[in-house]
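Okay, so here's the structure we're looking at.
All chains are named by letter (A, B, ...) in the order of the sequence lines, taking the proteins before the strands, and each is independently numbered beginning at 1.
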Amino acid sequence: MSKVNVSIPKGTRDFSPSVMKKRQFIFQTIRSVFELYGFEPLETPAMENYETLTGKYGEEGDQLLFKILNNGDYLKEVNAEWLSTRESKKLTPALCDRALRYDLTIPFARYVAMNYALLTLPFKRYQIQPVWRADRPQKGRYREFYQCDVDIIGTDSLWSEIDLIKIYDRAFAKLGFDNVQILINNRKLLVAVAELCGCVDRFTDMTVALDKLDKIGWEGVEKEMTERNFSIESILELKRLILLKETDEPGLIKCLLQTEIGRKGVEEWEFLSHSLQLMGLGCASWKWDLTLARGLNYYTGFIFEVKAVGVNMGSIGGGGRYDDLTGIFGLANVSGVGISFGADRIYDVMEELQMFGEDASASTQLGMAYFSESTIIPTQLWAEQLRSQGIRCEVYPEMAKMKKQFKWADDKKIPFMAVMGEEEMKLGKVNLKNLTTGEQTMVTLEEVLLILKP
RNA sequence: GUGACUUUAGCUCAGUUGGUUAGAGCAUCAGAUUGUGGUUCUGAGGGUCGUGGGUUCGAACCCCAUAAGUCACCCCA
């Protein structure tokens with residue numbers, strides 16, 4: 001047989017049993033916190049109709065969609081001119097009716113629009129599923145990764161925001177984090193800033209540049225904005241306002257209050273910060289970061305981003321309020337707010353900070369071995385009886401040297417090993433060995449249960 | 001989409017100015033130990049040096065191409 005070079009697609013991963021145990025811990029922890037706050041599960045298909053996804057994430061996002069080639073004779077109806085001139089961009093929608101979902105928010109909005117009449121508002125759902133992006137992989141970035149989303153739709157109460165921030169706080173604490181930072185901003189305040197700088201029409205470009213401030217500094221931001229043809233006055237005013245945030249926050253607020261949208265944003269900010277102070281947070285700290293922008297354009301109110309302190313990793317969570325996400329699916333005036341946990345990055349961070357501790361012990365409580373053909377059946381019968389009592393046990397499947405069977409149990413980190421031979425069989429007992437202490441005793445079935453049951 | 005680096009045994013990596021049969025540690029298997037794991041000792045198996053070309057008497061090493069991986073930019077979880 002010739003050797004085949006086996007591999008998996010770029011940016012995807014296999015998860016070994018030891019990795020899966022840690023991942024499941026993360027998912028279960030996050031899920032339990034979601035349920036604590038009254039959110040209910042939802043799943044949507046891996047693929048959506050192509051038009052459902054396109055145009056929602058900006059041009060960049062569209063390029064990162066994984067498209068699914070149509071089945072059958074997919075070239076039959078295709079425009080011959082596009083084909084001959086190799087116009088991939090025009091051709092793609094003709095060849096692909098479906099694409100893999102890029103996030104969980106748009107599919108959720110699609111679901112809400114489709115099922116609005118059936119929903120009890122406010123509708124609170126959580127969704128833990130993989131998403132796919134045709135990005136170039138690097139640290140903390142994969143082509144297939146899980147998002148854990150919670151969204152509240154159908155209310156514009158800011159108590160929803162408070163709930164979500166508390167969920168971040170509680171979930172990260174439960175995962176074992178002692179220091180995460182929740183950055184908070186409000187799009188309304190950013191719009192107010194843009195108005196004051198006279199660049200409302202260039203809002204996205206402004207926020208994209210501003211978002212990089214902590215990375216590239218003012219020099220970099222000025223350079224980028226100059227390259228994008230922002231006026232000197234705009235840049236200087238922007239810099240003045242942002243610096244004012246650090247040196248004279250009341251002064252900044254006074255400026256923001258000059259615009260109508262600024263007044264609304266300030267009002268929201270004051271409510272949120274006041275409430276958060278009253279409620280208090282545990283492991284998380286929070287702060288207003290006027291430079292936080294977030295790329296996705298459907299956000300209209302508060303926006304959030306979570307960072308683990310002391311680790312070089314992008315954000316491990318993010319979200320915000322969107323006033324009209326379902327509008328694109330024909331359902332207007334439904335306000336929602338949601339956040340996401342980046343489970344894969346959370347895993348990477350926890351691994352880097354060595355938060356998992358030693359490899360968790362095996363899920364099997366008892367390994368069983370036999371070394372005589374005559375004891376195979378009694379051993380298997382014992383195993384079945386123990387399983388009926390809730391003991392997780394497994395029998396080494398073949399006759400082998402004792403040494404090999406014990407090594408098997410040891411490698412699998414099974415804590416107890418029971419051996420049955422002729423002698424034990426006659427007495428109706430097994431030799432039970434505690435592999436941690438090395439202690440070994442002859443015991444009956446009832447005694448095994450007493451030792452292994454918590 | 002742009003750029004940098006990496007690729008040698010299952011894993012982590014050595015490999016001299018280009019020179020016989022490419023090494024180590026860990027892991028695996030066997031034995032020391034005929035009914036007992038972790039430690040120790042002994043031994044064994046395992047490599048077309050990412051792939052395809054080129055230069056050379058001779059290439060893991062030099063040159064070209066290509067693939068995969070990692071990291072950074074863009075963007076994002």
Side-chain angles (χ1 to χ4, degrees), chain A residues 2-3 5-13 16 26 30 57-65 88-89 102-105 128-149 204 207-209 211-212 215-216 220 224 292-297 304-308 312-319 338-349 367-372 375 396 399-425 430-442:
Chain A
S2 67
K3 194 174 166 184
N5 198 8
V6 287
S7 64
I8 53 174
K10 190 198 285 282
T12 65
R13 297 149 299 158
S16 68
I26 293 174
I30 292 173
Y57 309 106
E59 201 180 324
E60 195 90 30
D62 281 1
Q63 287 171 9
L64 297 181
L65 285 175
S88 308
K89 273 188 187 163
Y102 178 91
D103 69 1
L104 301 178
T105 308
I128 299 176
Q129 288 191 278
V131 302
W132 295 268
R133 295 181 189 179
D135 223 342
R136 197 119 150 212
Q138 58 179 281
K139 188 180 180 188
R141 172 179 296 183
Y142 307 99
R143 289 183 146 187
E144 178 185 63
F145 62 97
Y146 274 74
Q147 288 192 333
C148 313
D149 272 30
T204 302
T207 55
V208 166
D211 203 36
K212 293 178 198 160
K215 212 168 186 175
I216 60 179
E224 179 157 339
L292 176 68
R294 297 193 58 75
L296 296 172
N297 273 324
F304 314 105
E305 203 158 284
V306 185
K307 286 192 165 154
N312 179 26
M313 176 71 74
S315 62
I316 53 178
I339 57 170
S340 179
F341 288 75
D344 302 79
R345 283 188 179 174
I346 290 170
Y347 177 92
D348 289 345
V349 168
M368 300 189 77
Y370 51 88
F371 48 90
S372 148
T375 55
Y396 191 80
M399 280 275 294
K401 286 188 175 168
M402 274 298 95
K403 176 170 174 147
K404 195 170 177 188
Q405 307 204 46
F406 270 85
K407 192 161 163 32
W408 162 79
D410 193 50
D411 286 349
K412 288 186 57 148
K413 296 191 169 67
I414 297 174
F416 286 91
M417 189 73 173
V419 179
M420 193 189 291
E422 298 279 350
E423 225 174 292
E424 291 87 350
M425 188 173 65
V430 290
N431 236 322
L432 184 70
K433 182 165 184 173
N434 180 327
L435 293 190
T436 321
T437 62
E439 232 175 306
Q440 181 169 318
T441 45
M442 289 267 260

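- Here A:Thr436 lies in heavy-atom contact (under 4.0 Å) with a base.
- Separation of the P atoms belonging to B:A24 and B:U42 is 14 Å when rounded to the nearest angstrom.
- For the P atoms, the distance linking B:G50 with B:C61 amounts to 8 Å, nearest Å.
- Side-chain contact check for A:Asp103 and A:Tyr57: at least one donor-acceptor pair (N or O, by modelled atom type) lies under 3.5 Å.
- Of all nucleotides present, only B:U28 satisfies the Watson-Crick or G-U wobble test against B:A44, with each distance under 3.5 Å.
- Base engagement by A:Leu435 is indicated by at least one non-hydrogen atom pair under 4.0 Å involving a base atom.
- Nearest-nucleotide mapping onto RNA chain B: of A:Gly314 and A:Pro9, the residue sitting toward the 5' end is A:Pro9.
- Heavy atoms only, all atoms of each residue included: A:Gly140 and A:Met313 are closest at CA-SD, 3.8 Å.
- Among the atoms of the strands shown, only primed sugar atoms or phosphate atoms (P, OP1, OP2) are found under 4.0 Å from some heavy atom of A:Ser315.
- B:C73: Watson-Crick or G-U partner is B:G1, with both key distances under 3.5 Å.
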Passes salt bridge (Lys or Arg N to Asp or Glu O under 4.0 Å), A:Asp344 versus A:Arg141? Steps please. CA-CA 9 Å; A:Asp344 302 79; A:Arg141 172 179 296 183; over 6 Å; no
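- Contact check, A:Gln138 against B:C71: no side-chain N or O comes under 4.0 Å of OP1 or OP2.
- Under 3.5 Å, the side chains of A:Asp62 and A:Tyr102 contain no donor-acceptor pair of N or O atoms.
- Pair assignment for B:C57 gives B:G19, based on Watson-Crick or G-U wobble hydrogen-bonding distances that are each under 3.5 Å.
- Per the geometry, OH belonging to A:Tyr370 stands 16 Å off P belonging to B:G35, to the nearest Å.
- Taking the side chain of A:Arg133 as heavy atoms from C-beta on, and the options B:A77, B:A72, B:G69, the nearest nucleotide is B:A77.
- A gap of 16 Å separates the C1' atoms of B:U51 and B:U6, to the nearest Å.
- Using the six-membered ring where Trp is involved, A:Tyr396 and A:Trp408 have ring planes that are perpendicular, over 60° apart on the 30 and 60° scheme.
- Distance check on atom P: B:G10 versus B:A22 gives 16 Å, rounded to whole Å.
- Pairing for B:A67 is with B:U7, a Watson-Crick or G-U wobble pair whose two hydrogen-bonding atom distances lie under 3.5 Å.
- The NZ atom of A:Lys412 lies 10.5 Å from the CE atom of A:Met417; values are rounded to the nearest 0.5 Å.
- Comparing the same atom, C1', in B:G25 and in B:A9 gives a spacing of 12 Å after rounding to whole Å.
- Contacts of A:Asn431 with the nucleic acid, taken as non-hydrogen atoms under 4.0 Å apart, include base atoms.
- Nucleotides B:G52 and B:C13 have their C1' atoms positioned 26 Å apart, rounded to a whole Å.
- Among the atoms of the strands shown, none is found under 4.0 Å from any heavy atom of A:Gly61.
- No side-chain N or O of A:Asn434 forms a donor-acceptor pair with one of A:Glu439 less than 3.5 Å apart.
- Under the stacking criterion of a centre-to-centre distance below 5.5 angstrom and an interplanar angle below 30°, A:Phe145 sits stacked against the six-membered ring of B:A77.
- Atom NZ of A:Lys212 is separated from atom C1' of B:C76 by 12 Å (rounded to the nearest Å).
- Residue contacts shown for A:Val131 are absent, as no nucleic acid heavy atom lies under 4.0 Å away.
- For the residue pair A:Ser372/A:Glu422, the side-chain donor-acceptor check at 3.5 Å is satisfied.
- On a pure distance criterion of 3.5 Å, a polar donor-acceptor pair joins the side chain of A:Arg141 and the base of B:C75.
- Atoms CZ (A:Arg136) and P (B:C76) sit 18 Å apart, rounded to a whole Å.
- What separates CD of A:Gln440 from P of B:G35 is a distance of 14 Å, to the nearest Å.
- A salt bridge between A:Arg294 and A:Glu305 is present, with a side-chain N of the basic residue lying under 4.0 Å from a carboxylate O of the acidic one.
- Rounding to whole angstrom units, CZ of residue A:Arg294 and C1' of B:C75 are separated by 12 Å.
- The stretch residues 401-410 of chain A comes close to RNA chain B through A:Lys401, A:Met402, A:Lys403, A:Phe406, A:Lys407, A:Asp410, each having a heavy atom under 4.0 Å from the strand.
- Side-chain to base pairing of A:Arg345 with B:C76: one donor and one acceptor N or O lie within less than 3.5 Å of each other.
- When rounded to the nearest whole Å, the span between CG of A:Asp211 and P of B:C74 equals 10 Å.
- Rounding to whole angstrom units, CD of residue A:Glu423 and C1' of B:U34 are separated by 15 Å.
- Base contact: A:Tyr142 has a heavy atom under 4.0 Å from a base atom.
- Both A:Lys139 and A:Glu424 lie close to RNA chain B; mapped to their nearest nucleotides by heavy-atom distance, the more 5′-ward contact belongs to A:Glu424.
- Rounded to whole Å, the separation between the C1' atoms of B:U48 and B:U8 comes to 12 Å.
- Distance noted for atom P between B:U33 and B:A60: 45 Å (whole Å).
- The side-chain tip of A:Arg133 does not point at the ring of A:Phe145 from less than 6.0 angstrom away and within 45° of straight on.
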